[in-house]
Number of protein chains: 2
Amino acid sequence: MTTPASDVSVASPPASKAKAKESVTCPMDFILRMLMGPWTTYILYNLRTHGPQRFGELKRRVTGISAKMLTERLRTLEGASLVKRDYEATIPPKVTYSLTQRGHELDDVMGRLAEIGTRWETEDAANRAMRAAAAELKAAE
Amino acid sequence: MTTPASDVSVASPPASKAKAKESVTCPMDFILRMLMGPWTTYILYNLRTHGPQRFGELKRRVTGISAKMLTERLRTLEGASLVKRDYEATIPPKVTYSLTQRGHELDDVMGRLAEIGTRWETEDAANRAMRAAAAELKAAE
DNA sequence: ACCAGTAGGTACCAATTCGTAACTTCGGGT
DNA sequence: ACCCGAAGTTACGAATTGGTACCTACTGGT
């Protein structure tokens, strides 16, 4: 902990903001800073479920991402050793991205998050249905 | 899945960007959109480890956050039912924030992420030390 | 001859974000 | 009398972000 009187620090304050002068050093800081990036989890999830893929393939799957973003995200993930980049200098160059072993260590957490997310979603849907029904009863009285 | 030809979707593309027109509906989408917010995990972690706290207390602990950000983040977390806000209209008003049951469901994942983060950190440190030693050997030859 | 696709890099531009500063209300300390 | 703190809200402004368009080099299809 570099800042005084702070014993918690999980994500990062400026969150990829260039400043982050005294970047509080906490276990979750780095990892969340990584997963937090826009599109990041899409990409990781995709690489996990569809296996190693080429740039264009990935771009087609992660609907809506721009080449710039995808490149930038992949470079970041590569720098974090979560993704491996294989470059083949064939004439139309062929670049394949895959999860590294470290990248696969997140499978577990990702799955768990997905499970929680799904549960909440169904719970919320049930609650909404409940409230809608209640409102209808009230309106019909 | 609202967008065609997309079977993956985890975080959100514009990531809290107001657009998000066709917000791809995926289990992790909502949850990560939440945790991804700047400071968010700091706050959750803090509320978990230090229990219910008042606004000022929280602000003092989450070093560097501005009142505006803290307010905004807490409102968002409240909206997501992860945090409960207790307002007492005493003369200096007293507002206490605490994790809801739903908020506590993340404890597990947070702990796991922290564990992975810590492991990676030590691994990286070990690797750096290794490389430094190797470089020194080479320089001394 | 011309366009598409591969895997990007670069410049520009709009929008969003986040911090700072000022304001609120009320009571208590000096 | 004056300022501070509680817990914000609001306005303003500066910086970052991320999309679009255009560029690369090379080849295969029509």
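Small disclaimer: the values here were computed from a predicted structure and weren't measured. In what follows, every chain begins at residue 1, and chains take the letters A, B, ... in the order their sequences are listed.
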Send over the distance from B:Ile65 CD1 to D:dA7 P, rounded to a whole Å.
-> 14 Å
With sugar-phosphate meaning primed atoms plus P, OP1 and OP2, does A:Lys94 contact a base, only sugar-phosphate, or nothing at under 4.0 Å between heavy atoms?
-> sugar-phosphate
Using a cut-off of strictly less than 4.0 Å, decide whether A:Arg54 has a side-chain nitrogen or oxygen near OP1 or OP2 of C:dT6.
-> no
Contact nearer the 5' end of DNA chain D, comparing A:Ala67 with A:Pro93 | A:Ala67
B:Val95 side chain: which of C:dT6, D:dG8, C:dC18 is closest?
-> D:dG8
Starting at NZ of B:Lys68 and ending at C1' of D:dA11, how long is that distance when rounded to a whole Å?
-> 9 Å
To the nearest Å, how far apart are A:Arg75 CZ and C:dT10 P?
-> 11 Å
Charged N-O contact under 4.0 Å between B:Arg119 and B:Glu115 | yes
D:dG8 phosphate, OP1 or OP2, under 4.0 Å from B:Arg85 side-chain N/O | yes
Any side-chain heavy-atom pair from B:Trp39 and B:Asn46 closer than 4.5 angstrom?
-> no
Student check: side-chain heavy atoms of B:Ile65 and B:Leu58 closer than 4.5 Å | no
Roughly how many Å is it from CD1 in A:Ile91 to P in C:dT6, rounded to a whole number?
-> 15 Å
Ignoring the backbone of B:Trp39, work out which of C:dG19, D:dA6, C:dT6 is nearest its side chain.
-> C:dG19
Specify the separation, in whole Å, of atom CD of B:Glu72 and atom P of D:dA7.
-> 19 Å
Taking the side chain as every heavy atom from C-beta outward, state whether A:Glu105 and B:Trp120 have any pair of such atoms under 4.5 Å apart.
-> yes
Write down the distance between CD (A:Glu57) and P (C:dG8), rounded to a whole number of angstrom.
-> 14 Å
In whole angstroms, how far is the C1' atom of C:dG19 from the CE atom of B:Met69?
-> 9 Å
Within the pair B:Tyr87 and D:dA6, is there a side-chain N or O less than 4.0 Å away from OP1 or OP2?
-> no
Check the distance between C:dG8's P and A:Asp86's CG and give it to me in whole angstrom.
-> 12 Å
Close side-chain approach of B:Leu35 to A:Leu113, heavy-atom, < 4.5 Å | yes
Tell me whether the OP1 or OP2 atom of C:dT6 has a side-chain N or O from A:Arg60 closer than 4.0 Å.
-> yes
